[in-house]
Chemist: 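Once you've had a glance at the structure underneath, I'll fire off some questions.
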Amino acid sequence: MSSLSIHNTLTRRKEPFVPLVPGKAGIYVCGPTVYDYIHIGNARTFSVFDLVVRWLRASGLAVRYVRNITDVDDKIMERARSRNEPIEALTERTVAAFAEDCARLNLLVPDSEPRATRYIGPMVEFIETLEKKGLAYRGANGDVYYSVRDFPGYGKLSRRNLDELRSGERVAVEAAKRDPLDFVLWKAAKPGEPSWPSVFGAGRPGWHIECSAMSCRELGETFDIHGGGWDLQFPHHENEIAQSEGANARPFVNYWMHSAFLNMGDEKMSKSLGNVFTAREVLAKLDAVQGGEQLRFFLLRGHYRSELSYTWDLLEDAGNTLRGFYTALREVNPEEGPVDWSHPLAKRFRDAMNDDFDTPIAFAVLHELRGEVNRARSPALAGLLKALGGTIGFLQADPEAFLKGGVSVDAGKGGATVDVDALVAERAAAKKARDFARADEIRRQLDAAGIVLEDKPGGVTEWRKK
RNA sequence: GGCGCGGUAGCAAAGUGGUUAUGCAGCGGAUUGCAAAUCCGUCUACGUCGGUUCGAUUCCGGCCCGCGCCUCCA
């Protein structure tokens with residue numbers, strides 16, 4: 001029986017996963033900054049870690065899953081100001097929208113979603129500890145900074161050498177910093193900005209400190225897995241390590257996981273290129289019933305450490321493939337039940353997932369299983385297919401409902417909605433009378449409306465969305 | 001300049017020192033009133049030049065090409 005290996009960014013290699021406490025796992029994922037809807041790159045990252053959590057649980061571990069919400073930040077303040085909306089109204093609205101997007105993508109609700117604004121106290125205490133240990137200092141401008149030169153090992157995650165980091169070349173360095181790479185822990189209050197009282201004076205926390213303080217509260221000083229997008233490696237996660245290990249004098253995280261980027265075609269997603277799509281923009285273009293799982297499948301069928309290109313064709317391709325799975329489950333009613341891990345295909349699926357979440361192979365196994373289901377028409381095998389898909393958050397919808405899709409069917413002529421069932425019934429009568437001309441006319445009419453008819457043995461006609 | 005990643009068939013995407021990845025698309029066949037679905041079969045591969053090896057897509061080196069981070073960023 002294979003066991004899980006995880007690629008650890010700290011060591012840049014796959015390592016056997018050994019939980020801190022046998023049978024349990026703690027995972028912290030850097031969540032959204034709630035000033036706008038999440039984009040599909042965010043969706044990829046969150047989907048990846050949803051997959052990780054699901055697989056850890058499928059492996060029998062009791063997982064505590066924490067994903068934070070950053071609700072105090074410069075971008076939030078700017079957005080609230082430009083929209084002339086109170087900050088809290090903006091963040092509450094965005095948090096609610098985020099929850100909707102997650103639900104469409106079939107993302108698990110984390111066990112805890114700590115918000116920065118509710119952990120100001122712990123953050124201040126954290127900074128106090130750092131100051132006592134000589135790792136933090138107060139600048140002339142009232143800000144409190146972390147002194148990176150006083151933390152041995154700074155750069156170990158992103159493999160950067162302090163002297164090679166030419167900070168300040170591209171951005172002006174704050175004069176109050178002793179070293180250009182020092183980062184802010186506490187920002188002194190400015191007029192019109194939200195602030196909290198503290199021993200450092202009124203102010204608000206820097207970005208990095210929330211994750212150190214909240215992960216410590218939620219998961220302890222040392223925990224198993226910390227995840228996020230590739231770009232967070234530096235400086236965010238490097239700074240988290242400096243803060244947490246500096247304050248606690250213990251290892252912070254055992255396994256660092258970073259998901260690769262999603263690009264727009266062959267271009268990087270960026271606001272200046274104007275090619276940032278929100279998850280809900282993409283979902284709006286997809287079928288109301290199928291779209292969420294289609295997007296999830298598109299995001300997860302490649303390996304999480306490989307870059308992924310977003311194109312409409314690839315999204316459609318993912319939809320075609322996914323429909324293939326559901327077609328098999330529609331044709332052979334799956335037995336409900338847990339995974340039979342003794343089945344050879346189940347073993348191969350597990351081996352693939354245990355090999356650093358190798359979803360391309362896992363899905364290849366599922367395709368083989370799909371073929372077996374169709375050949376053998378075995379409810380037990382169909383049940384295995386569904387159960388295996390379920391371990392990573394797929395194939396749990398009702399197959400017929402999934403294949404019929406969710407949007408109203410429009411004939412494209414005068415905007416009239418087609419009554420599919422009535423037409424199918426009429427066609428059945430025509431077929432019985434051997435009026436194939438009429439039957440084919442109805443087929444064509446429905447085809448034009450995006451409906452494919454499938455005649456089954458016994459005179460039954462199924463239909464699905466094209 | 002520093003650090004790092006990748007080039008696999010039409011498209012996507014794994015993996016392996018010698019034996020079919022897999023999917024979508026295409027093509028042929030079975031099946032079907034016609035279709036669809038399904039099944040069977042099938043065509044396109046491992047950037048380039050060398051090295052190691054009985055044998056390399058798979059290990060090593062050079063080269064070419066593409067890309068990322070070093071600044072807020074999933």
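Residue numbers start from 1 in every chain, and the chains themselves are labelled A, B, ... in the order their sequence lines are given, proteins ahead of strands.
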Chemist: Mind checking the C1' distance from B/C64 to B/C49? Whole angstroms is fine.
Modeler: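 Those two atoms are separated by 10 Å.
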Chemist: Whole angstrom is fine here: how far is it from CZ in A/F234 over to P in B/G68?
Modeler: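 Value for this atom pair: 19 Å.
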Chemist: Counting the atoms with a prime plus P, OP1 and OP2 as sugar-phosphate, which does A/K431 contact under 4.0 Å by heavy atoms, base, sugar-phosphate, or nothing?
Modeler: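 Base, at least one base heavy atom under 4.0 Å.
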Chemist: Start at the 5' end of RNA chain B and walk down; is the nucleotide closest to A/R44 or to A/V452 reached first?
Modeler: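 It is A/V452 whose nearest nucleotide is closer to the 5' end.
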Chemist: Rounded to the nearest Å, what distance is computed from the CZ atom of residue A/R12 to the P atom of nucleotide B/C5?
Modeler: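 Rounding to the nearest Å, CZ of A/R12 and P of B/C5 are 8 Å apart.
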Chemist: Just call it for A/L262: base, sugar-phosphate, or nothing, with non-hydrogen atoms closer than 4.0 Å on any strand.
Modeler: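 Base contact.
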Chemist: Scan A/N263 against the nucleic acid and name what it touches under 4.0 Å (heavy atoms): base, sugar-phosphate only, or nothing.
Modeler: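 No contact.
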Chemist: Between B/A37, B/A13, B/C69, which one does the side chain of A/T327 approach most closely?
Modeler: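 Closest of the options to the side chain of A/T327: B/A37.
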Chemist: Tell me if the side-chain of A/R427 makes a donor-acceptor pair with the base of B/G33, cut-off 3.5 Å, by modelled atom types.
Modeler: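 Check passes, donor-acceptor contact within cut-off.
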Chemist: For B/U20 and B/A9, measure between their C1' atoms and round to the nearest Å.
Modeler: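 Roughly 14 Å separates the two C1' atoms.
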Chemist: Within the 4.0 Å heavy-atom criterion, would you say A/L232 contacts the bases, only the backbone, or no part of the nucleic acid?
Modeler: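 Sugar-phosphate only.
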Chemist: What is the separation between atom CG on A/L329 and atom P on B/U38, rounded to the nearest whole Å?
Modeler: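 One finds 12 Å between P of B/U38 and CG of A/L329, rounded.
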Chemist: Which nucleotide, if any, forms a Watson-Crick or G-U wobble pair with B/A12, using both distances under 3.5 Å?
Modeler: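 Looking at the geometry, B/A12 pairs with B/U22.
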Chemist: Side chain of A/D358 only, heavy atoms from C-beta on: which candidate in B/C72, B/A14, B/A36 is closest?
Modeler: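 Selected nucleotide: B/A14.
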Chemist: Between B/C73 and B/A45, how far apart are the two P atoms, rounded to whole Å?
Modeler: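 45 Å, rounded to whole Å.
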Chemist: Between A/T9 (side chain) and A/W256 (backbone), is there a donor-acceptor pair under 3.5 Å?
Modeler: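 Judged by distance alone, yes, a pair lies under 3.5 Å.
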Chemist: Roughly how many Å is it from CD1 in A/I76 to C1' in B/C72, rounded to a whole number?
Modeler: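 The distance from CD1 of A/I76 to C1' of B/C72 comes to 13 Å, rounded to the nearest Å.
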Chemist: With the six-membered base ring of B/G68 as reference, does the ring of A/W230 sit under 5.5 Å away with planes under 30° apart?
Modeler: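 Not stacked: fails the 5.5 Å / 30° test.
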Chemist: So what does A/R370 hit on the nucleic acid, given a heavy-atom distance under 4.0 Å: a base, only sugar-phosphate, or nothing?
Modeler: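 Sugar-phosphate: the residue A/R370, judged by heavy atoms under 4.0 Å, touches backbone atoms but no base.
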Chemist: With both distances kept under 3.5 Å, what pairs with B/G1, Watson-Crick or G-U wobble?
Modeler: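 Partner of B/G1: B/C70.
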Chemist: By the 4.0 Å heavy-atom rule, please label A/R464 as base, sugar-phosphate, or nothing.
Modeler: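 It contacts sugar-phosphate atoms only.
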Chemist: Determine the Euclidean distance between corresponding C1' atoms of B/C59 and B/G18; express it in Å to zero decimal places.
Modeler: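 Looking at atom C1' only, B/G18 and B/C59 are 15 Å apart.
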Chemist: Measure from CG on A/N275 to P on B/C73 and round the result to the nearest Å.
Modeler: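 That distance rounds to 19 Å.
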Chemist: To the side chain of A/E307, which of B/C70, B/C67, B/A37 is closest?
Modeler: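 So the side chain of A/E307 is nearest to B/C67.
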Chemist: Rounded to the nearest angstrom, tell me the gap between atom CZ in A/R79 and atom P in B/C72.
Modeler: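 Those two atoms, CZ and P, are 19 Å apart.
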Chemist: Decide whether A/E240 and A/S212 meet the rule of one side-chain donor and one side-chain acceptor closer than 3.5 Å.
Modeler: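 No donor-acceptor contact under 3.5 Å links the two side chains.
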Chemist: Look at the side-chain N and O atoms of A/S306 and state whether any lies under 4.0 Å from the OP1 or OP2 oxygen of B/A14.
Modeler: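 For B/A14, OP1 or OP2 has a side-chain N or O of A/S306 closer than 4.0 Å.
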Chemist: So what does A/D440 hit on the nucleic acid, given a heavy-atom distance under 4.0 Å: a base, only sugar-phosphate, or nothing?
Modeler: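 If one applies the 4.0 Å heavy-atom cut-off, A/D440 turns out to touch a base.
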Chemist: With sequence neighbours left out, what residues match A/A380 under side chain to side chain contact (heavy atoms under 4.5 Å, CB included)?
Modeler: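 If we apply the side chain to side chain contact (heavy atoms under 4.5 Å, CB included) test to A/A380, skipping adjacent residues, the hits are A/E335, A/S378.
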Chemist: Tell me what A/S259 touches on the nucleic acid: a base, only sugar-phosphate, or nothing, going by heavy atoms under 4.0 Å.
Modeler: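 The residue A/S259 makes no contact with any strand.
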Chemist: With rounding to the closest Å, how many angstrom separate the C1' atoms on B/A56 and B/G47?
Modeler: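 Nearest-Å result for B/A56 against B/G47 at atom C1': 15 Å.
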Chemist: For A/F349 and A/W341, take the angle between the two ring planes, folded into 0 to 90°, and tell me which bin it lands in: parallel under 30, tilted 30 to 60, perpendicular over 60.
Modeler: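 The rings of A/F349 and A/W341 sit tilted, inter-plane angle from 30° to 60°.
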Chemist: Starting the side chain at C-beta, find the nucleotide from B/A21, B/C24, B/A12 nearest to A/L314.
Modeler: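 In terms of side-chain proximity for A/L314, the closest of B/A21, B/C24, B/A12 is B/A12.
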Chemist: Short question: side chain of A/Q294, backbone of A/L315 - any donor-acceptor pair under 3.5 Å?
Modeler: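 Yes; at least one donor-acceptor contact below 3.5 Å.
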Chemist: Taking a pair as Watson-Crick or G-U wobble with both distances under 3.5 Å, which nucleotide is matched to B/G41?
Modeler: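 Base partner found: B/C27.
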Chemist: Counting any heavy atom closer than 4.0 Å, what does A/H303 reach on the DNA or RNA strands: base, sugar-phosphate only, or nothing?
Modeler: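 Sugar-phosphate, backbone atoms only, no base.
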Chemist: Measuring only the P atom in each nucleotide, how far is B/U8 from B/C3? A whole number of Å is fine.
Modeler: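 Looking at atom P only, B/U8 and B/C3 are 26 Å apart.
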Chemist: Whole-Å distance between B/U20 C1' and A/R348 CZ?
Modeler: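 Rounding to the nearest Å, CZ of A/R348 and C1' of B/U20 are 11 Å apart.
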Chemist: Can you figure out which of B/A74, B/U22, B/A35 approaches the side chain of A/D231 most closely?
Modeler: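 That would be B/A74.
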Chemist: So, are A/K404 and A/E400 salt-bridged, with charged N and O less than 4.0 Å apart?
Modeler: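 Salt bridge flag = yes for A/E400 with A/K404.
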Chemist: Ignoring the backbone of A/H367, work out which of B/A37, B/C70, B/G23 is nearest its side chain.
Modeler: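 It is B/G23.
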Chemist: Flag the pair A/D143 and A/K177 as a salt bridge only when some basic side-chain nitrogen lies within less than 4.0 angstrom of an acidic carboxylate oxygen.
Modeler: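 Salt bridge: no.
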Chemist: Regarding A/T311, tell me which of base, sugar-phosphate or nothing describes its non-hydrogen contacts under 4.0 Å with the strands shown.
Modeler: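 No contact at all - A/T311 keeps every heavy atom at 4.0 Å or more from the nucleic acid.
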Chemist: Any side-chain N or O of A/R301 under 4.0 Å from OP1/OP2 of B/U22?
Modeler: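 Negative; the distance criterion is not met.
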Chemist: B/A74, B/A36, B/A13: which one has an atom nearest the side-chain heavy atoms of A/P360?
Modeler: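 Selected nucleotide (nearest to the side chain): B/A13.
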Chemist: Under 4.0 angstrom, heavy atoms only, what part of the nucleic acid is A/F261 near: base, sugar-phosphate, or nothing?
Modeler: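 Counting heavy atoms under 4.0 Å across all strands, the contact made by A/F261 includes a base.
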Chemist: Looking for any heavy atom pair under 4.0 Å, which part of the strands does A/G371 touch: base, sugar-phosphate only, or nothing?
Modeler: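 Touches sugar-phosphate only.
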Chemist: Heavy-atom nearest nucleotide on RNA chain B for A/D317 versus A/A437: which residue maps closer to 5'?
Modeler: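 Its nucleotide being nearer the 5' end, the pick is A/D317.
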Chemist: Can you tell me how far P in B/G6 sits from the matching atom in B/U22, rounded to whole Å?
Modeler: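 Here B/G6 and B/U22 have their P atoms 24 Å from each other.
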Chemist: Work out how far the C1' atom of B/G23 is from that of B/A14, and round it to whole angstrom.
Modeler: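 The answer is 11 Å between these two C1' atoms.
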Chemist: Classify A/G228 by what it touches in the nucleic acid, base, sugar-phosphate, or nothing, heavy-atom distance under 4.0 Å.
Modeler: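 Sugar-phosphate, no base atom in range.
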Chemist: Name the closest nucleotide to the A/N42 side chain, picking from B/A74, B/C24, B/G4.
Modeler: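 Of B/A74, B/C24, B/G4, B/A74 is nearest to the side chain of A/N42.
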Chemist: Does the plane of the ring in A/W207 sit parallel, tilted or perpendicular to the ring in A/H236? Use 30° and 60° as the thresholds.
Modeler: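 Correct class here is parallel.
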Chemist: Between B/A36, B/G33, B/C72, spot the one nearest the side chain of A/P235, thanks.
Modeler: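 Out of B/A36, B/G33, B/C72, the nucleotide with an atom closest to A/P235's side chain is B/C72.
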Chemist: For B/C69, take OP1 and OP2 only and decide whether either is under 4.0 Å from a side-chain N or O of A/K268.
Modeler: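 For A/K268, the contact criterion (side-chain N or O under 4.0 Å from OP1 or OP2 of B/C69) is met.
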Chemist: Both distances under 3.5 Å, Watson-Crick or G-U wobble: report the partner of B/U48, or none.
Modeler: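 B/G62 - that is the nucleotide pairing with B/U48, both distances being under 3.5 Å.
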Chemist: Measure from the ring center of A/Y145 to the ring center of A/F183 and say whether it is less than 6.0 Å.
Modeler: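 No: the rings miss the under 6.0 Å criterion.
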Chemist: Do A/N68 and A/E210 pair up side chain to side chain, a donor and an acceptor below 3.5 Å, judged on atom types alone?
Modeler: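 Distance-only check passes for A/N68 and A/E210.
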Chemist: Roughly, in whole Å, what's the span from CZ in A/R377 to P in B/A37?
Modeler: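 From A/R377 CZ to B/A37 P: 15 Å.
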